[in-house]
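Notes to accompany the following structure.
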Amino acid sequence: MAQGLDVGTMNILSARQDGDETVFVQQRNSFVEIDHSDMAEQMLSRSEVLHIRKDDLVYIVGDDALNFANIFNEETRRPMQAGILSSDEKSAIPMIKLITEQVVGEPAQPGELLFFSVPADPIDSEMSTLYHQKTVESLLGDMGYSPEPINEGMAVIYSELADREFTGLGVSFGAGMTNVCLSYYAVPVMKFSIARGGDYIDKQTAQATGTPVDKVTSTKEDDFELDFETDVGGIEGALSIYYDNLLDYVIENIIQEVDEEDVEEDLDIPVVVTGGTSSPDGFEALFAERLNEADLPFSISGVRRAENPMYSVAQGALVAARSEEERTETRTATGEESTRAEADQ
Ligand SMILES: Nc1ncnc2c1ncn2[C@@H]1O[C@H](COP(=O)(O)OP(=O)(O)OP(=O)(O)O)[C@@H](O)[C@H]1O
Ligand SMILES: [Mg+2]
């Protein structure tokens, strides 16, 4: 058995194969801190809410954090920011550990292989992903797994471009980041991230319209469409403007990186978009339009959205983990055979 894990700024998801089916487990990467009280104790003991008590405080973790935040009039907090562990959040590591433990469960066997997603280093910020990667790796190792990092953009190529010989441009539009990977026959020729995603759209829209960020996020996630026809001056109008702005920024950076990386020219490249931020209707059409206007050294054969944008990174990490597991098994089997052959001589 092997497992895939998507460690995202907003969502943590695991993927495991069960017969013909892939089983996903998901939790929101957030928590809320409330004072310990008899009422809180009573509510929690009667529920399956993921929580941990520390002295006079109780931390409610994952999907339930938002409900409790509303009941207790507290703000939710996030262990990660812009794709990596947050340096502003002192409880980041214990909280992400708790969420990850719940999502991955016990290893199926000691040292079960687990591929976990890490973003590429961002090209528009000083942040490095190394500390984040090493910390997550060590947490997973402590849980009994053999963890291996996989680039988030490459995971998209594994899950969405198997039918195109793992050749194309994969873009994961997440909460804290946008991850881009161009691959030829499963070899990444360009990969980078941008420290902007859904959180950026929400924050800018909130500022422009004077609306609380949580309200903007729920408006966006609830049936918002990128049709540019409605709501000038309202939240949806502002969301469209910042969506457009994010896409322009991503394409600007793709052009610049393609230029620097000396990418092979005159190819016809399929493009796949995924991640929660790619969900609104009209997203891939808008991205296709912008890409076609852009001055790129290759042509785009089409832009497609992943069937399930929230699952593709975990799915791709699972594909990579399973093929690595198969390779190891084959190596072990052939290794044994040659030992036997030697013994026979
Ligand atoms: N239906 C929807 N419409 C628009 N945006 C959505 C929708 N559903 C989720 N989102 C947004 O998608 C983002 C979360 O996506 P995703 O889970 O892919 O990110 P992540 O992997 O946690 O973050 P990152 O990859 O940046 O670390 C959030 O900004 C969320 O508001
Ligand atoms: Mg992501």
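Indexing begins at 1, ligand by ligand and atom by atom, following the structure's order. No hydrogens, no waters, no symmetry mates; every other heavy atom, side chains included, goes into these values. Nothing fancy with the numbering, it's 1 onward along the sequence.
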Open item on the list: Quick test of your reading of the structure: of Thr9, Val7, Ile194, whose heavy atom lies closest to atom 27 (O) of ligand 1?
Closed with: Thr9
Open item on the list: I'd like to know if the Mg ion (ligand 2) has an N/O/S atom from Glu152 within less than 2.8 Å of it, counting both backbone and side-chain atoms.
Closed with: yes
Open item on the list: Regarding atom 1 (N) of ligand 1: of the candidates Met310, Glu152, Glu221, which has the closest heavy atom?
Closed with: Glu221
- [ ] Indicate, as side chain, backbone, both or neither, the part of Thr217 found under 4.0 angstrom from ligand 1 when only non-hydrogen atoms are considered.
- [x] side chain
Task: Numbered atoms and elements of ligand 1 in range of Asn11, under 4.0 angstrom, heavy atoms - done: 17 (O), 22 (O)
Open item on the list: For Tyr243, which part has a heavy atom under 4.0 Å from ligand 1: side chain, backbone, both, or neither?
Closed with: side chain
- [ ] Using the side-chain contact (heavy atoms from CB on, under 4.5 Å) rule, take Gln315 and Phe24 through it: C-alpha gap first, then chi angles, then the decisive distance, then the call.
- [x] CA-CA 8 Å; Gln315 166 83 47; Phe24 296 93; 3.5 Å; yes
TODO: May I ask which of Pro119, Ala175, Gly83 has a heavy atom nearer to atom 14 (C) of ligand 1 than the others do?
DONE: Ala175
Open item on the list: Suppose I only count heavy atoms of Gly198 and a 4.0 Å limit; which atoms of ligand 1 are within that range?
Closed with: 29 (O)
- [ ] For atom 2 (C) of ligand 1, find the nearest protein heavy atom and state the residue, atom name and distance (0.1 Å precision).
- [x] Ser279 CB, 3.4 Å
Open item on the list: Given Asp199, which partner from the list Gln204, Arg78, Gln81 fulfils the side chain to side chain donor-acceptor pair (under 3.5 Å) test?
Closed with: Arg78
Task: Closest approach of Arg16 to Glu106 (non-hydrogen atoms, all atoms of both residues) - done: NH2-O, 3.4 Å
TODO: Using distance alone, determine whether Lys220 and ligand 1 share an N or O pair under 3.5 Å.
DONE: yes
- [ ] Show which atoms of ligand 1 fall inside a sub-4.0 Å distance from at least one heavy-atom site of Pro280.
- [x] 3 (N), 4 (C)
TODO: Give a yes or no answer on whether the side chain of Gln17 reaches the backbone of Gly19 with a donor-acceptor pair at less than 3.5 Å.
DONE: yes
TODO: Select the closest option to atom 6 (C) of ligand 1 among Gly276, Gly197, Gly8, judged by heavy-atom distance.
DONE: Gly276
Open item on the list: Tell me if a side-chain donor or acceptor on Arg290 pairs with a main-chain N or O of Asn292 at a distance below 3.5 Å.
Closed with: no
- [ ] Return the residue, atom name and 0.1 Å-rounded distance of the protein heavy atom closest to atom 28 (C) of ligand 1.
- [x] Met10 SD, 3.4 Å
Open item on the list: Students often mix this up, so state it plainly: with edges at 30° and 60°, are the rings of Phe283 and Tyr243 parallel, tilted or perpendicular?
Closed with: perpendicular
Task: Shortest protein contact, atom 13 (C) of ligand 1 (heavy atom only) - done: Thr277 OG1, 3.7 Å
Task: Check: Tyr158 ring centre within less than 6.0 Å of Phe166 ring centre - done: yes
TODO: Using modelled atom types only, decide if a donor and an acceptor are shared between the side chain of Ser172 and the backbone of Thr274 within a distance under 3.5 Å.
DONE: no
Open item on the list: Show me which atoms of ligand 1 lie under 4.0 Å from any heavy atom of Gly275.
Closed with: 18 (O)
TODO: In plain terms, say whether Glu89 and Arg77 are close enough for a salt bridge, that is, a side-chain N and a carboxylate O under 4.0 Å apart.
DONE: yes
TODO: Mark yes or no for whether Ser159, through its side chain, and Val313, through its backbone, hold a donor-acceptor pair below 3.5 Å.
DONE: no
